[in-house]
Amino acid sequence: MTSTECIQGTIASQGYAYGQAFLWREGPVRLKPGAEKATDCSHEVKRLNQALATVRRHIQDVQDKAETLFDEATQALFESYQMLLDDEELLETITDLMERESIRAEYAVHRVMEDHARAISLLDNPYLKERATDIRDLSQRILKELLGIVPGPLPDLTDRILVAEDLSPAQSVQLNLHTLQGLLTDLGGTTSHTSILARALNIPAIVGTRHATRMIQNSDWVLMDAVSNRVYVNPDPELVQLYEASRARHQEEHKRLAELVHVPAQTLDGHAITLAANIGLPEEIPAACKTGAQGIGLFRTEFLFMNRSNLPDEEEQFATYRSALVQMHPHAVIVRTMDVGGDKDLPHLGLPKEDNPFLGLRGIRVSLRRPELLRTQFRALLRASAYGSLKIMCPMIATVEEIIEVRSVLQDVREELTAEGISIASHVDLGIMIETPASVMLAHQLIRYVDFFSIGTNDLTQYTLAVDRGNIEIRDLYQPYAPAVLLMIHQAIRAAIGAGKWAGVCGELAGDPRAALLLIGFGATELSMSAGSIARVKQALIQTHHHELKEWSEKALQCATAAEVSTLLEALRSHIFQD
Ligand code: PEP
Ligand code: MG
């Protein structure tokens, strides 16, 4: 491959790296077909137990090493091995299969664990999906033990760029990932284990490249730009030199951003803003806290309902919400009631097939048609409210009747729990998401029924511009900077402030450092975004004066096109950073 060609993937951990490739290929153990039958079942069970004992010891070594390399939150990634090894049901299924079909231990392990991994990898939840890699890795370790395959010496990867199909957490520890320059994998996404570990170790990483292991050869020189998502193989010296400067600048910026974690999120004239994180599962909270999040501004609870054959009951939901509240204490957690429909299908709810799902049974409409779902969610939430600072909000509100109905269900549930003698917080703020043009036009009325607004710019953009947010054919028409969208946002925020209440923004726009400044200028007091954006937004925020932001945002409201807004934001950026 020449330096003019380049590989792309998904940036898992930002940075630049230049080094020699190390191609890591650890082919899986393949079992010979037709040699399954065992002659002595009890001997097979003994072999299995011996192999498991050895693997347990190896995993313990990995965990000990992980303790020295990672913080507590990241170490949790390694717990799934132990959990799998302690999963009695899984081990019973393996021994049952061995006994029932008289097959050898390695075949039973492979069959049961592969079935388990395949079932999990079909799930749509990226966090759960990752467990499939752990299961396959563990299965391979047990197979190698059973077959007496001795691993070769581990390579020295110091200053190399590791190129692999994928890596399990255990492999990353054994391979001394922390000595690497960079990491490239064919598989994985931003939430894959490899990505989490790379971020924890601050190693530039690009995952999901699909072909890196085929396009790069061992000892090729590789230039990784994990900022603009480019990988060059055997680059020209001029290109390398160009990147050296970017790399130095990036390292400086990274250091500066890391120092901001404990810096208060306020403007130079002391106007404080809550910078919070968006999450889908409580497991994401430790990472959010590390970035300095001062709360969870959007907990998308529908993820708890997805990719499973049954609905989570009240107890399960209660445990989940309580865990989120306890972890975030004393900061607030804004939990959004289930937002299914649209592009988030939940087959076991039996929702009708619709021609226009985004304009159909979505968000609060589902919850109000199926009040038993909403009641269970409210019961679990109010019970959890005793354990931290909870706020509840509802998605897709378009009419006053909807919020009146929601309030009545919430009040009913509150009375029911009180009658049962269950302790709950004396007041829980209730808010709505502003994501339909109707809710903006009616904001002055809606605000009378709620404590706050949270503006969902992703949907508000789609519904204001009538542009499907997921349709790549019309991607260019999906413009969150469109003046029509900004006017909507401004109007909703002003309505909240006019009623003595507050408004936040939790759509993607809140995580765009320049647009975030406009939102603050409009009067938003809380911005919630993916955790990775918090430091950058804070960096911009702390270099501005609030009165200045008001002026810039007034100018934005005068713009006629998204392009004009974009030019204005560029001028704002240059003004702040004086470049
Ligand atoms: C939004 O619409 O902006 C939002 C935050 O909700 P979601 O992306 O989950 O639809
Ligand atoms: Mg939305």
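Atoms within each ligand, like the ligands themselves, are counted from 1 in listed order.
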Quiz item: Among side-chain atoms of Ser528 and Asn278, is any donor-acceptor pair under 3.5 angstrom?
Solution: yes
Practice problem: Would you please say whether a donor-acceptor pair under 3.5 Å links the side chains of Gln377 and Tyr321? | Solution: yes
Just which atoms of ligand 1 are under 4.0 Å from any heavy atom in [X]?
X      : value
Arg300 : 4 (C), 5 (C), 6 (O), 7 (P), 8 (O), 9 (O)
Arg362 : 10 (O)
Gly507 : 3 (O), 5 (C)
Leu298 : 5 (C)
Glu435 : 1 (C), 2 (O), 6 (O)

Exercise. Measure Met433 to ligand 1 on non-hydrogen atoms and call it side chain, backbone, both or neither using the 4.0 Å cut-off.
Key: side chain
Self-check item: Atoms named by residue and atom, protein N, O or S, within reach of the Mg ion (ligand 2) (under 2.8 Å)
Solution: Glu435 OE1, Asp459 OD2
For atom [atom1] of [X], is the number of surrounding heavy atoms from other residues, nucleotides or ligands below 6.0 Å larger than 12?
X      : atom1 : value
Glu564 : CD    : yes
His329 : NE2   : no
Arg369 : CZ    : no
His547 : NE2   : yes

Heavy-atom distance under 4.5 Å between the side chains of [X] and [Y], does that happen here?
X      : Y      : value
Thr525 : Thr274 : no
Val335 : Lys391 : no
Met433 : Cys506 : yes
Phe299 : Ile334 : no

Quiz item: Among Ile432, Asp429, Val428, which one satisfies side chain to side chain contact (heavy atoms under 4.5 Å, CB included) with Asp451?
Solution: Asp429
Quiz item: So, is Glu508 polar-close to ligand 1, with some N/O to N/O distance under 3.5 Å?
Solution: no
Quiz item: Below 3.5 angstrom, do we get any N/O pair linking Asp459 and ligand 1?
Solution: yes
Quiz item: So is Arg469 in contact with ligand 1, going by heavy-atom distances below 4.0 Å?
Solution: yes
Practice problem: Could you find the nearest protein heavy atom to atom 6 (O) of ligand 1 and give me its residue, atom name and distance? | Solution: Arg336 NH1, 3.0 Å
